[in-house]
Amino acid sequence: MKLHNIVEAIGLKVFNPGVPNYGNIEISGGYASDLLSDVIAGLSKGDIWITIQRHLNIIAVAKLKDAGAILIAKGLEPDKNVIEKATEEGVILLGTNLTTFEAAGKLYNLLKYGEVR
Amino acid sequence: MWEEKFRLVYRVKPMDLASAGSASSQIKVELQRNGIEEDVVRKVGIICFEAEMNMILYSTGGKLKVEVWPDRIEILAEDDGPGIEDLQKAMEPGYSTAPPWAQDYGFGAGMGFPNMKQNSDVFDVETKPGEGTRIHSVVYRSKDNETP
Ligand SMILES: Nc1ncnc2c1ncn2[C@@H]1O[C@H](COP(=O)(O)OP(=O)(O)O)[C@@H](O)[C@H]1O
Ligand SMILES: [Mg+2]
């Protein structure tokens, strides 16, 4: 499913919509974790990574793992320098007021059944 | 016939959290650019990231070196100290001495060594308290690539 469809269906905020090709990124799954070692081992290419981490290192992790995007939950906002770095590296930063649990549930339904439910 | 193809070397500075993970990311990009198999790149990326993070968080600085051979990738992570007092304990899943601030950032799951080991075909650690730690890992490439 295309990232822009997911953003619209769940109603996500995009912190850096200026990333080239942003809407066309293909999303194949999701991974929810705040432990970097767990993400490094478990996230698959094209996943949306749902987390409450929002410091600079999440960009390197997402880049290394070819994450489709990072979704920061619970209404938390990354600092300006984190957004800048993400844009520089071509990593999409998304935000939502939903908790990790809620966001993961919606993404799961959307990818599995084609609707948020 | 078994010549080394190329080598990447990065300096890793202690406590340099801002650029943490950048050496591993660059290594991944270089390996991809040179057509190294996807699964091999994935494993090397994991190993390098964990080794790099450990050097940043726990060492006084070191070097991360990756050698590309026709049949394998060799990873060498060497730091200048302080070494590991109880290596057996440090290798246990879940064991970590990461300070609270690092844990808030998602470091310190105690999964670094287990991740490195799991993704390596050969893995060994030499460490001497007061001197430093040296991690050596090998990831084999697929049989098709053994003829250079
Ligand atoms: N290069 C190093 N120099 C000194 N101590 C280290 C080094 N690498 C790891 N350690 C020690 O080993 C422990 C376990 O490392 P690791 O498995 O990567 O888990 P974590 O990094 O989450 O603590 C660390 O908490 C630290 O005490
Ligand atoms: Mg570690």
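Quick note: numbers below take in every heavy atom, side chains included, and nothing from hydrogens, waters or symmetry partners. Residue numbers begin at 1 in each chain, while the letters A, B, ... track the order of the sequences.
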Would you say that more than 12 heavy atoms from the other residues, nucleotides or ligands in this model lie under 6.0 Å from the [atom1] of [X], or not?
X: B:Y140; atom1: OH; answer: no
X: B:F123; atom1: CZ; answer: yes
X: A:F101; atom1: CZ; answer: no
X: B:E85; atom1: CD; answer: no
X: B:Q88; atom1: CD; answer: no
X: A:K2; atom1: NZ; answer: yes

Interatomic spacing from NZ in A:K65 to OG in B:S25 - rounded to 0.5 Å: 11.0 Å

Inter-residue atom distance A:L64.CG - B:I46.CD1, 0.5 Å rounding: 8.0 Å

Part of B:Q32 within contact of chain A (heavy atom distance under 4.5 Å):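 For B:Q32, the contact with chain A is made by the side chain alone.
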
Per-residue contact mode, B:N119 against chain A (heavy atom under 4.5 angstrom): neither

Heavy-atom side-chain contact between B:F107 and A:L35 under 4.5 Å: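 B:F107 does not reach A:L35 side chain to side chain.
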
Given the rule that I, L, V, M, F, W and Y join up when any side-chain heavy atoms are under 4.5 Å apart, are [X] and [Y] in one cluster?
X: B:V41; Y: B:L64; result: yes
X: A:Y113; Y: A:I6; result: no
X: A:Y31; Y: A:I59; result: yes

Parallel, tilted or perpendicular, as decided by the 30° and 60° cut-offs, for the rings of B:Y105 and A:H55: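 It falls in the parallel class, under 30°.
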
Pick from A:A41, A:S33, A:S37 with the largest number of heavy-atom pairs that fall under 4.5 Å of chain B: A:S37

Per-residue contact mode, A:K85 against chain B (heavy atom under 4.5 angstrom):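 For A:K85, neither part sits under 4.5 Å from chain B.
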
Part of A:I40 within contact of chain B (heavy atom distance under 4.5 Å): both

Selection from B:R42, B:M111, B:E50 maximising heavy-atom pairs under 4.5 Å formed with chain A: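 Looking at each of B:R42, B:M111, B:E50 in turn, B:E50 comes out on top.
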
Minimum-distance pair of heavy atoms, taken over all atoms of A:A60 and B:A20: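 Scanning both residues, the minimum pair turns out to be CB-O, 3.5 Å.
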
Closest contact, heavy atoms only, B:K28 versus A:D66: NZ-OD1, 2.8 Å

Donor-acceptor under 3.5 Å (A:N57 side chain, B:A18 main chain):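 It does not hold such a pair.
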
